[in-house]
Protein chains: 2
Amino acid sequence: MEERVTIRELARRSGVSVGTVSRALNGYADVRPETRERIMRLASELDYTPAAAARSLVTQRSHVIGVFMETGEGHPDLQHPFFHEVLGGLKQRVGREGFDLLLFASERPGGGYGPHDYLKRARHHNVDGCALIGLDPDDDEVRRLVRGEIPCVAIDMQLEGPRTEVVMSDNEAGAAAAVRHLHELGHRRIATVTGMIDSRPGVDRLRGYRAAIQALGLAYRDEYVRYGDFYAESAREQTAQLLALDEPPTAIFAAADMMAIGAIRAAAEAGVRVPEQLSIVGFDDIQLAPHVNPPLTTLRQDKLGLGAAAGDALVARIAGDPDRPSLRTLPVELVVRGSTAAP
Amino acid sequence: MEERVTIRELARRSGVSVGTVSRALNGYADVRPETRERIMRLASELDYTPAAAARSLVTQRSHVIGVFMETGEGHPDLQHPFFHEVLGGLKQRVGREGFDLLLFASERPGGGYGPHDYLKRARHHNVDGCALIGLDPDDDEVRRLVRGEIPCVAIDMQLEGPRTEVVMSDNEAGAAAAVRHLHELGHRRIATVTGMIDSRPGVDRLRGYRAAIQALGLAYRDEYVRYGDFYAESAREQTAQLLALDEPPTAIFAAADMMAIGAIRAAAEAGVRVPEQLSIVGFDDIQLAPHVNPPLTTLRQDKLGLGAAAGDALVARIAGDPDRPSLRTLPVELVVRGSTAAP
DNA sequence: ACGGTTTCCGAAACCGTTTTTGGAGATGGA
DNA sequence: TCCATCTCCAAAAACGGTTTCGGAAACCGT
């Protein structure tokens, strides 16, 4: 076990003081070029690696972004492909600015606090900022966190705090675009199966559906809106019921691609062909969307863009940028493939 | 900006020394019960949060596991659903033991080192262990890392080091099971489209295919093995070529579900029906496997299990467990659904 | 030769913990 | 009563950096 090479060691070997070494390495002005050069060469020879802990202790900055993302059995979020991709976007963006990501996982942290004690965990690790993904916005602990002193960004959840920003897709506009697309194809009996209705994206997509139905002068029918939960199975069930109606819809707007896939499945089981007898449009444009049968017409969310926007928000707020919006919404794009056609 | 409450503050307020506070909070023996009680109450009243950095500085442990996972354009790994799920399993498992996950992202870390300087980054943050996911096992920096003093676990990549362990599915057995299944259904002309052939899982699955073909006494045909890259598009192309053969196969083993989906697509485009005219079996059992049309027969990898096994390996090695295997392989399970049938 | 600036660097305080060492007082045994 | 043993705690030394403060040389102009 060779000894760790510290800044003191560098000082000793190069015959200067530790303060000087620190200033040399960090590019301060007041150190003679040749001294700096000597120190830096020595550092790289000895493979000197600064200790983040020591630095963070004195500077009170960590260059780390904390990420809260539930993964329990009840919250299979890391399973949901959507969140990964935004995590990827976030990672890329903040990485470029020199930050790493701390994925909170510990269920019995040192301080002896509960699994939901977000603020405490964030403080414990001295993170410079936090990203909240797929949390319950009504959780008291979440509220405490965003009310605190740490810059936060919330993805797909409505939340407010003095230093927090929320980013999400323009779900309402997207949903409206979906039904307009269907309408243009000639559909008049357009149903929807919604996402979880206690989530912001869930209600916004429903709202967009309603608004568009109304704007197009179509009759709004209660039995045409069915409630799901963003996952395939719920859509499959609801679609089956829709198909069994006296006057079944000729098109369905599913609030997520996973649900669109469930809907296609239900259609197949009921012997109705997609898109000939039933058009289906999804939401998200997950990676598999082009590969399912038939390829999905859907609203593309810019997942990497969401992550990147979140990253932007964080680095800006960490840098102290005073005037930031409290909400940032990204456009979605209709991509039409094979799951929709004229009735 | 209220002041951070430190251990010194607790000491002052409760009239004891900082050492005593530390021992009280950490559950050491030599402190009178009533003193401990008083201190702990005070701590929770003041919402005391220990500073991880300070602790890590002196104990040389961080309770953090570093995760290296490439996410560049060329390495869309975070996009590949498979890796997420094992990440989820890892997170759960190590979380239970009190660890958090540090997802390395920084492209210009403080030490001034390159993006691939894995060992340096790990040391910089003083992680207790590292998980390597989807990296290039031939990368020199990766090799340096696993040769170092930090416990490592590699997922789906062949690697060796004094304190490193690799975990992966039993790809060879799985592939063999796939062709046996096809054989039992009555197929004799069985093709495969492989994964990236420079990856361990890629070659193992091909090896399993070959072994089974041979063991079953089937003729091995060169034109029946086509090379792909784990993604849908490659499988689609290769399958199209397979279907255009003079004597096309009646069944295909695709080395990944994404590829199976690509194959189904190609079949649809060629007007051949699955499974009536062509059976297809995938590998992975991704979340969408049951929802595609037809539902995929596939080899289920226990992704959460892989993550958990990786976590086990890390916590054991961190705890100093001396006798650990250098390779751990997990069984895969054949799950038959709708994409295979008798020819 | 001398006061005033610069330039470069050393000394030391500090960040918030853990852990070792040792000592005061209480307790026990003889 | 006296020495040995416990029990509980205080003091202080780490851990590895950053940053402030000030001073010694070197430089300048006069």
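All chains are named by letter (A, B, ...) in the order of the sequence lines, taking the proteins before the strands, and each is independently numbered beginning at 1.
In this structure A:Arg147 satisfies the salt bridge (charged side-chain N to carboxylate O under 4.0 Å, His left out) test with no other residue, sequence neighbours excluded. Residues meeting the side-chain hydrogen bond (donor to acceptor under 3.5 Å, both in side chains) test with B:Asp156, sequence neighbours left out: none. Listed by chain and number, the residues in a side-chain hydrogen bond (donor to acceptor under 3.5 Å, both in side chains) with A:Glu34 are A:Arg32 (sequence neighbours excluded). With sequence neighbours left out, B:Ser17 forms a side-chain hydrogen bond (donor to acceptor under 3.5 Å, both in side chains) with B:Thr20. Residues passing the salt bridge (charged side-chain N to carboxylate O under 4.0 Å, His left out) test with B:Asp302, sequence neighbours excluded: none. Applying the salt bridge (charged side-chain N to carboxylate O under 4.0 Å, His left out) criterion to B:Arg96, with sequence neighbours excluded, gives no partner residue. For A:Asp198, there are no salt bridge (charged side-chain N to carboxylate O under 4.0 Å, His left out) partners, not counting sequence neighbours. Residues passing the side-chain hydrogen bond (donor to acceptor under 3.5 Å, both in side chains) test with A:Glu9 are A:Arg12, A:Arg13, sequence neighbours excluded.
A sub-4.0 Å separation between OP1 or OP2 of D:dG16 and a side-chain N or O of B:Gln60 is present. For A:Arg55 and D:dT18, the shortest distance from a side-chain N or O to OP1 or OP2 is below 4.0 Å. Dashed line: the shortest gap from a side-chain N or O of B:Arg32 to OP1 or OP2 of D:dT7 is not under 4.0 Å. Within the structure, a side-chain polar atom (N or O) of B:Tyr48 is placed less than 4.0 Å from OP1 or OP2 of C:dT17.
Two residues are said to be in side-chain contact when any heavy atoms from C-beta on lie closer than 4.5 Å; B:Ile318 and B:Phe99 meet this criterion.
Relative to the side chain of B:Thr59, the nucleotides D:dC15, D:dT19, C:dT18 differ in distance, and C:dT18 lies closest. Listed candidates were C:dC9, C:dT17, C:dA12. Nearest to the side chain of A:Val18 is C:dA12. The side chain of A:Pro33 approaches C:dC8 more closely than any other nucleotide in the set D:dA10, C:dC8, C:dG10. For A:Val58, taking side-chain heavy atoms from C-beta onward, the closest of the listed nucleotides D:dT18, C:dT19, C:dC9 is D:dT18. Closest approach to the B:Ser17 side chain among C:dC9, C:dG16, D:dA11 is made by D:dA11 (side chain taken as heavy atoms from C-beta onward).
Mapping A:Thr20 and B:Val31 onto DNA chain D via the closest heavy atom, the residue that lands nearer the 5' end is B:Val31. Between A:Thr35 and A:Ala54, the one whose closest nucleotide on DNA chain C sits nearer the 5' end is A:Thr35.
The CZ-C1' distance, from A:Arg38 to C:dC8, rounds to 12 Å in whole Å. Straight-line distance from the CD1 atom of A:Ile7 to the C1' atom of D:dT18: 8 Å, rounded to whole Å. Computed from coordinates, the B:Tyr28 OH to C:dT17 P distance equals 15 Å when rounded to whole Å. Atoms CZ (B:Arg4) and P (C:dC15) sit 12 Å apart, rounded to a whole Å. Remark: P of D:dG17 and CG of B:Asn126 are 11 Å apart, rounded to the nearest angstrom. The distance between atom NE2 of A:His124 and atom C1' of C:dT17, rounded to the nearest whole Å, is 10 Å. One can place CG of A:Asn26 at 9 Å from C1' of D:dG17, the figure rounded to the nearest angstrom. Rounded to whole angstrom, the span from the CZ atom of A:Arg12 across to the P atom of D:dG16 amounts to 14 Å.
Remark: A:Glu160 CD is loosely packed, at most 12 non-hydrogen atoms of other residues, nucleotides or ligands lying under 6.0 Å away.
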Measure all distances between protein nitrogen or oxygen atoms and nitrogen or oxygen atoms of nucleotides 20-26 of chain C, and list the pairs falling under 3.5 Å.
none

Check: protein-nucleotides 23-28 of chain D nitrogen or oxygen pairs below 3.5 Å:
none

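Looking at heavy-atom distances under 4.0 Å, B:Ser56 makes no contact with the nucleic acid at all. Here B:Ser22 lies in heavy-atom contact (under 4.0 Å) with a base.
B:Cys130 and B:Leu314 get closest at one heavy-atom pair: O-CD2, 3.7 Å.
The aromatic rings of A:Phe104 and A:Phe68 sit parallel to each other, their planes meeting at less than 30°, with 60° as the upper class boundary.
Sorted by first and then second residue, the pairs that involve residues 303-320 of chain B and meet side chain to side chain donor-acceptor pair (under 3.5 Å), not counting sequence neighbours, are B:Arg93-B:Asp312, B:Glu165-B:Arg317.
Taken together, the paired segments of DNA chain D that extend over three or more consecutive Watson-Crick or G-U pairs, each closer than 3.5 Å at both contacts, are C:1-30 with D:1-30.
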